[in-house]
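Remember, it's 1-based here, ligands and their atoms both numbered in the order they're listed.
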Amino acid sequence: MENAPIADQLDAFAALLELGEANPYTARAYRRAAETIRDSPSSVAELVRSGRVRELRGIGPGIEARLRELVDTGEIAELAELQRELAPNLVGLGRYLGLSAKRSMEIARALDIRTADELRVAAAAGRLTSVPGIGPKTEAKILEALGREAEPRPRRGLLLNRARELVGGIAASLDAETAGDVRRWRDSCELLAVVCAAPDAQPVLDRFAALPQVVEVVERGERRAVGVTVDGLPVELVVAEPERFGTALVRATGSLAYVEPLEPLPDAPDEHALYRALGVPWCPPELREESFSGKPPVLVEPADIRGDLHSHSTWSDGKASVEEMGRAAKERGYEYLAICDHTPAVGAVRGLTADDVRRQAEEIAAANELLAPFRVLRGIECDILPDGRLDLPDDVLAQLEWVQASVHGGQRMPRPELTKRVEEALRNPHVRCLSHPKGRIINRRPENALDLERVFEVALEQGVALEVNGLPDRLDLRGEHVRDALRAGVEIVCSTDAHSVRGLGNMTLSVMTARRGWATPAQVVNTRPLRSVLASRR
Ligand SMILES: [Zn+2]
Ligand SMILES: [Zn+2]
C-alpha cells in the first residue's frame with residue numbers, strides 16, 4: 001500500500017470522527033498524521049511492518065494500531081462502521097445541496113434512510129416535512145436543489161493547497177491526470193476534475209465511486225461521473241478513450257476562455273500531439289486563462305529559486321528556531337533564507353523591538369557558523385504604521401540585510417489614504433520588498449483598495465520589489481497583478497512567509513502564481529545569487 005491511499009483513508013476517518021462529534025483533537029490528530037504520511041519519503045506500510053512507524057511525527061499508539069489494521073487488512077473496520085452509522089454520503093450530498101451536516105443526519109435518522117437515492121425518493125414522496133424542523137420552505141429548497149442538473153462547482157472556491165491534495169489524491173488512485181482549476185494553479189479552485197484514459201470506462205467509474213474521498217456519486221454517464229466529498233465538494237471524472245485522452249485533458253483543464261477559440265479540437269492521444277495537430281505551440285496550463293496561440297516565454301521554475309526572503313521564527317509567531325529554519329532551507333538546496341519576524345505594531349502576535357533585533361543578530365550569527373556557506377539573513381517584516389512611517393527606527397533597519405514592509409492593520413483604509421501610506425513606506429531607503437500588497441485572505445477578507453498602478457510607479461522609481469506571497473490563503477500578488485507589475489517593469493520576489501519548516505514548501509505555490517503572471521527567471525529577485533540580492537537598492 002502506497003503512502004497516499006493510506007493518508008486518504010486517515011483523512012476519511014477524520015472527517016467521520018468530526019461528523020460523529022468525537023473529540024475534535026482526535027480528528028485533528030488523524031488529519032495531521034495523514035499530512036505527515038503524505039510527506040514522508042519512506043514507505044509507511046514498511047515502517048508499520050517493521051514496528052518503526054511511531055518514529056514519524058504525530059503518530060502515537062492509537063494511530064499506529066489503525067495503521068497496522070489498514071496495512072494488514074486493507075481497511076479500518078471502525079471506518080466502515082462509522083459509515084453505516086453516520087451516512088457520510090447523505091451528509092456529503094446534503095452539503096453539496098446546501099444543507100448542514102446536522103440537518104442531513106436528522107433527516108437520515110427521522111426517515112431511516114441511508115443513501116442519496118432514498119433521499120430522492122423520500123423527497124419526491126413528500127416525506128421531508130415529517131422531519132422535525134423541516135417546513136414546506138426548506139422542503140421546496142431541497143426539492144429544487146435535487147432537481148437541478150449536477151453542477152460540478154462548489155459554492156465557494158477551495159484553497160489551492162487543499163484542492164491539490166484532494167484532486168491529486170483522487171488522480172493518483174485512479175492513475176489519472178489532475179485537470180480543472182488545480183492544473184492551472186488557480187488561487188481558488190472551483191472546477192475540480194481528473195481525466196484518465198481507458199478503453200472501458202465502467203471499471204474506472206466503479207473505482208471512482210468506491211474511493212474514500214468520494215462519498216456519493218451525484219451523476220454518472222457513459223464516460224463521466226461527478227462525485228461529492230463528505231464536505232460536499234463536487235469532483236468530476238472524465239474517462240477518455242485512449243486515442244482522445246489529449247483532447248479530453250485540454251478541455252477538462254480549461255479555462256473555457258482559452259479552449260473555446262481553439263475549437264473544434266482534433267482527437268489526440270496526448271496534449272503534445274493535440275497541439276501539433278493544431279499547429280500551436282504547447283502552452284503551460286498556468287497560462288491558459290485567456291485566448292493565446294503564440295509561443296509562451298520561458299517561465300520561472302521552482303528549481304530557479306536560490307533562497308527564500310520571507311520567513312518567521314520563534315522570535316515572533318513562527319514554530320521553528322532560526323537554526324531549524326536555516327537548516328531546512330539549506331536542505332532544500334537554497335543558498336540563503338531571510339528571517340523576517342514581525343514588529344510590535346502587528347498586534348495579535350509578538351513583535352520584535354529594536355533591542356530584540358540586536359539580540360536576534362547573535363542567534364543568526366551562531367546559526368551561520370553552523371550552516372556556512374549557507375546564509376541566514378537578518379531580515380524583518382516591518383509594519384507600516386497608519387501614517388506611512390515604519391515600526392522600527394531607521395538606524396535599526398539600516399543594520400538589516402532584508403527589510404519587508406507590510407500593512408497588517410487598517411486594510412480597509414480608503415484608496416487614497418492607503419496608497420499614500422504604502423508610498424511613504426516604499427520611499428524609506430531600507431525597504432526592499434512590499435509584502436502581500438493586496439492584503440486579502442482568500443474566502444475571508446477581500447482585497448484592499450490599494451492603487452497598484454501608483455504603487456508600481458513608486459516601486460520602480462525606488463527599486464523596491466513586490467512580493468508574491470505563497471501562503472495558500474494569500475497568494476498575493478495574484479497572477480493578474482503579477483503580470484501588471486512585470487509589465488510596469490517592477491521586480492517580484494517569490495516568498496513563502498513560512499511560519500514553520502513545513503511552510504517553506506509553499507514556494508511551489510508562490511512560483512506557480514508568478515508563472516500565472518508570466519514571470520521569467522530574470523524578473524524574480526530570488527533567482528539571483530546572494531551577492532546580487534544583497535547589493536543595495538537600484
Ligand atoms: Zn505579513
Ligand atoms: Zn510574514
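- Tested against E401, the residues R531, R375, R432 include a single salt bridge (charged side-chain N to carboxylate O under 4.0 Å, His left out) partner, R375.
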Exercise for review: Dump the intermediate steps for side-chain contact (heavy atoms from CB on, under 4.5 Å) on L434 and V422, then the final yes or no.
Suggested key: CA-CA 9 Å; L434 176 65; V422 169; 3.8 Å; yes
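- Remark: R164 is positioned above the aromatic ring of W185, its terminal NZ or CZ atom under 6.0 angstrom from the ring centre and at most 45 degrees off the axis.
- Scanning for side chain to side chain contact (heavy atoms under 4.5 Å, CB included) contacts around D231 gives R95, R162, T229, L233, with sequence neighbours left out.
- One finds the CD atom of E289 at 9.0 Å from the CG atom of L287 (value rounded to the nearest 0.5 Å).
- Listed by chain and number, the protein N, O or S atoms at a distance under 2.8 Å from the Zn ion (ligand 1) are E381 OE2, H408 NE2, H436 NE2.
- Note on ring orientation: taking the six-membered ring where Trp is involved, the planes of F292 and W518 are perpendicular (angle over 60°, cut-offs 30° and 60°).
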